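Small disclaimer: the values here were computed from a predicted structure and weren't measured. Proteins come first, then strands; the chains are lettered A, B, ... in the order of their sequence lines, and each starts at number 1.
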Protein chains: 2
Amino acid sequence: MAAGENITIKDIAERCGVSVTTVSRVLNEKPDVNDETRARVLKVIEDSNYRPNGMARSLVINQTYSVGLIIPDINNPYFPEVARGVEDQAQDSSYSVIFSSTDNKLEQEQEVIDLMLQKRVDGLIVSLSLANRDILKRLESRNIPVVQLDRKIPDSIYPAVMIDNQQSAYKAVQFLIDEGYKEIAHITGDLQTVPGQDREDGYRKAILDNDLRLAEDMIFEGNFSKRSGYEAMEQMIASGNLPEAIFAANDMMALGVLEACRHAEIRIPEDLVLIGHDNISISNLVYPALTTMAQPKYKLGRQASKMLIDLINIKQKKGSLDKEDFFADQILETKLVRRGSTARV
Amino acid sequence: MAAGENITIKDIAERCGVSVTTVSRVLNEKPDVNDETRARVLKVIEDSNYRPNGMARSLVINQTYSVGLIIPDINNPYFPEVARGVEDQAQDSSYSVIFSSTDNKLEQEQEVIDLMLQKRVDGLIVSLSLANRDILKRLESRNIPVVQLDRKIPDSIYPAVMIDNQQSAYKAVQFLIDEGYKEIAHITGDLQTVPGQDREDGYRKAILDNDLRLAEDMIFEGNFSKRSGYEAMEQMIASGNLPEAIFAANDMMALGVLEACRHAEIRIPEDLVLIGHDNISISNLVYPALTTMAQPKYKLGRQASKMLIDLINIKQKKGSLDKEDFFADQILETKLVRRGSTARV
DNA sequence: TTGAAAGCGCTAACAG
DNA sequence: CTGTTAGCGCTTTCAA
């Protein structure tokens, strides 16, 4: 056990008979140091298993090489993959990531951001609740590098990495139409969120662009939860007026539809065709497997991470960030994944 | 934008006309400070939106209030829930968590642990690959607080929070037996891992304890992946000798079984009954829903987090950790969750 | 109840 | 090529 007081750069310097400056130089791979000296120092470092104290270092260089990742819930099937992308990219640049789930609670978001700022993270990747433009404003005024993920809060200066929800929904519906379906219902996501709204817009646009009838009673309001998908399907069944196809604004709701159909002995895809959105991993494990619009979740995380680190580097170089330093939003493509739930019969 | 150089304790002191010591005192809620002074300082802090620099603070108090979480893959359906537990508990104590996925790669594990130690995390929660006892030894010698999660590396001094895999498997099989099934097959997990081995042991024990026939050809080696479950099932089908029930060492493999059965038109639970292990969230979303042994994943994370923080506090108090400071392993109970895949018909 | 001063472990001019 | 010195922003004796 033995306490083994942490060994410092000073100890190394002494053991080598050089100054701490010199040790610092070899630590940071600066050029101006005699090869022989360098070798000696390196050896002692190795032997004593010395690791520089990152905090002390951070304090003086004013950079921690860590970033914060703030998401609604790591348990939400959408986020682990995103998180992994963020982490992998961060690690490539020797950054660490501190993460925090907020359950979309304003107070929580506030709190964890505060905590992270005290820890002096170099920047933040955030997926915030809509109501929180104030937080972003405050971050702006403190000149903190931030990139938004998945959701973009309007009128924020910070760039976002996300998909085009409207276009993606449009493509989903267009696919159904191309397959020959005319009566297409939509189960919306949470309409308090931008993705929820945008996906509904995409649905409407596709219907109209194809000169199909846009019936308001074919639009059912959900909230992205499985249960809401289940209930929407129950409503359709109760109405006695089944559509030919359903576009659910996300996969979880599509799973709810699947379940309701099973109970009602409605066969998918024979009696009703179904498409979801997001391609969460489960969607390939249920039966019938879900046709869906795949979000490049891993890549979203990776790009956001990369963008943030680029921003941090700019700030580090210039001393601060100005409007023109921010990148344009990055919109990644979704991709149709055809599976059983829309199979031709 | 404006750079707005970070404001420091010194600035506050000046604006208040007091010394930094005094400001520090109110910051840390020390008693010895005049109420009136305290109020004044607090006001200025509030007005200037000042946040103390955590790094500087950490440097002197030698504690960062952050812990590292090292797991194989946040994408593995088992871990997000665990991570959430770790995080929630950490947050309750104002700790942050830095996380890292290692894919069970020794080199990765080594690297991220090193990175975290440089950042001076106060402790580590780890779920390491079996081969990595050396890492733990090194951590011990550096007197780092650590708790193991899910898997325990033998002969390590560090406590673990986990389930009793053997007993849990035993209970699963006993349940099948109690339901009246006699021919029960087992698809093992990765036998290079302790959980894989232990679950097989539990299966064997239950069979023997109940005086059933332990047939080696009823044990199929898998590796925890869905595919391996699928293939095992294919083998059973090909052999023309179906069991009455199957215990799959985890849910993913059970999912593979489900799929293979669908292809072969074997009905579950009518023709064959199936139980998995872990209760990953998917298991309730497939059809038929999977009967399984539920791991208290969230709680595992929470307990591990709590144990680690307790350890950190002890170390902080005593200056170092000795053998007798470590807690006993914490073994949490799994619970049978009955669902469709074992429904009586 | 308050402040001066030393120091946490490191980096970065500056001088030699 | 190397060392001296002055901090980074905070806490903590010690004295007043």
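- Among dG9(C), dC1(D), dT11(D), the nucleotide with an atom closest to any side-chain atom of S24(B) is dT11(D).
- Whole-Å rounding puts the R38(A) CZ to dC1(D) P distance at 9 Å.
- Regarding D35(A), its CG atom lies at a distance of 15 Å from the C1' atom of dT2(D), rounded to whole Å.
- Listed nucleotides: dT12(D), dG3(D), dT11(C). Nearest to the side chain of T21(B): dT12(D).
- Among the nucleotides dA4(C), dA12(C), dC10(D), the one closest to any side-chain atom of K30(A) is dA12(C).
- Contact annotation for T37(B): backbone-only contact, meaning every heavy-atom pair under 4.0 Å involves sugar-phosphate atoms and none involves a base.
- Sequence order on DNA chain D of the closest nucleotides to P31(A) and A56(A) puts P31(A) first from the 5' end.
- Considering every non-hydrogen atom in both P159(A) and A328(A), the closest pair reads CB-O, 4.3 Å.
- To the nearest angstrom, P of dT4(D) lies 12 Å from CZ of R25(A).
- Counting all heavy atoms, side chain and backbone alike, R25(B) lies closest to D32(B) at CD-O, 3.7 Å.
- For the pair I9(A)/Y50(A), a side-chain contact is recorded, criterion being any heavy-atom separation below 4.5 Å from C-beta on.
- Separating the CE atom of M55(A) from the C1' atom of dC8(C) is a distance of 9 Å, rounded to the nearest angstrom.
- Phosphate contact (OP1/OP2 of dT2(D), side-chain N/O of T22(A), threshold under 4.0 Å): absent.
- Residue N34(A) is classed as a sugar-phosphate contact, given heavy-atom separations below 4.0 Å to backbone atoms only.
- Both L27(A) and L59(B) lie close to DNA chain C; mapped to their nearest nucleotides by heavy-atom distance, the more 5′-ward contact belongs to L59(B).
- For V18(A), taking side-chain heavy atoms from C-beta onward, the closest of the listed nucleotides dG3(D), dC10(C), dT13(D) is dG3(D).
- Listed nucleotides: dC10(C), dG3(D), dG3(C). Nearest to the side chain of N53(A): dC10(C).
- Residues V121(A) and V67(A) form no side-chain contact, since every pair of their non-hydrogen atoms from C-beta on lies 4.5 Å or further apart.
- Look at CD on E29(A): it is 16 Å from P on dC1(D), rounded to the nearest Å.
- One cannot find a donor-acceptor pair under 3.5 Å joining the base of dG9(C) and the side-chain atoms of R120(B).
- Summarising the geometry, the separation between NZ on K119(B) and P on dC10(C) is reported as 16 Å, rounded to the nearest angstrom.
- Following rounding to the nearest Å, D32(B) (CG) and dG3(C) (C1') show an atom-to-atom distance of 13 Å.
- Side-chain atoms of V20(A) lie closest to dT11(C) of the nucleotides dT2(C), dG9(D), dT11(C).
- Distances were taken from every side-chain heavy atom of V60(B) (C-beta onward) to each of dC8(C), dT4(D), dT11(C); the shortest belongs to dC8(C).
- A side chain to side chain contact (heavy atoms under 4.5 Å, CB included) with L124(A) is found for exactly one of I98(A), L139(A), I135(A), namely L139(A).
- Atom CD in E14(A) sits about 12 Å away from atom P in dG9(C), given to the nearest Å.
- Nucleic acid contact class of T8(B) (heavy atoms, under 4.0 Å, all strands): sugar-phosphate only.
- Smallest separation of non-hydrogen atoms from A160(A) and K152(A): CB-CD, 3.6 Å.
- An OP1 or OP2 oxygen of dT11(C) is reached within less than 4.0 angstrom by a side-chain nitrogen or oxygen of N28(A).
- For dC10(D), one of the phosphate oxygens OP1 or OP2 lies less than 4.0 angstrom from a side-chain nitrogen or oxygen of Y50(B).
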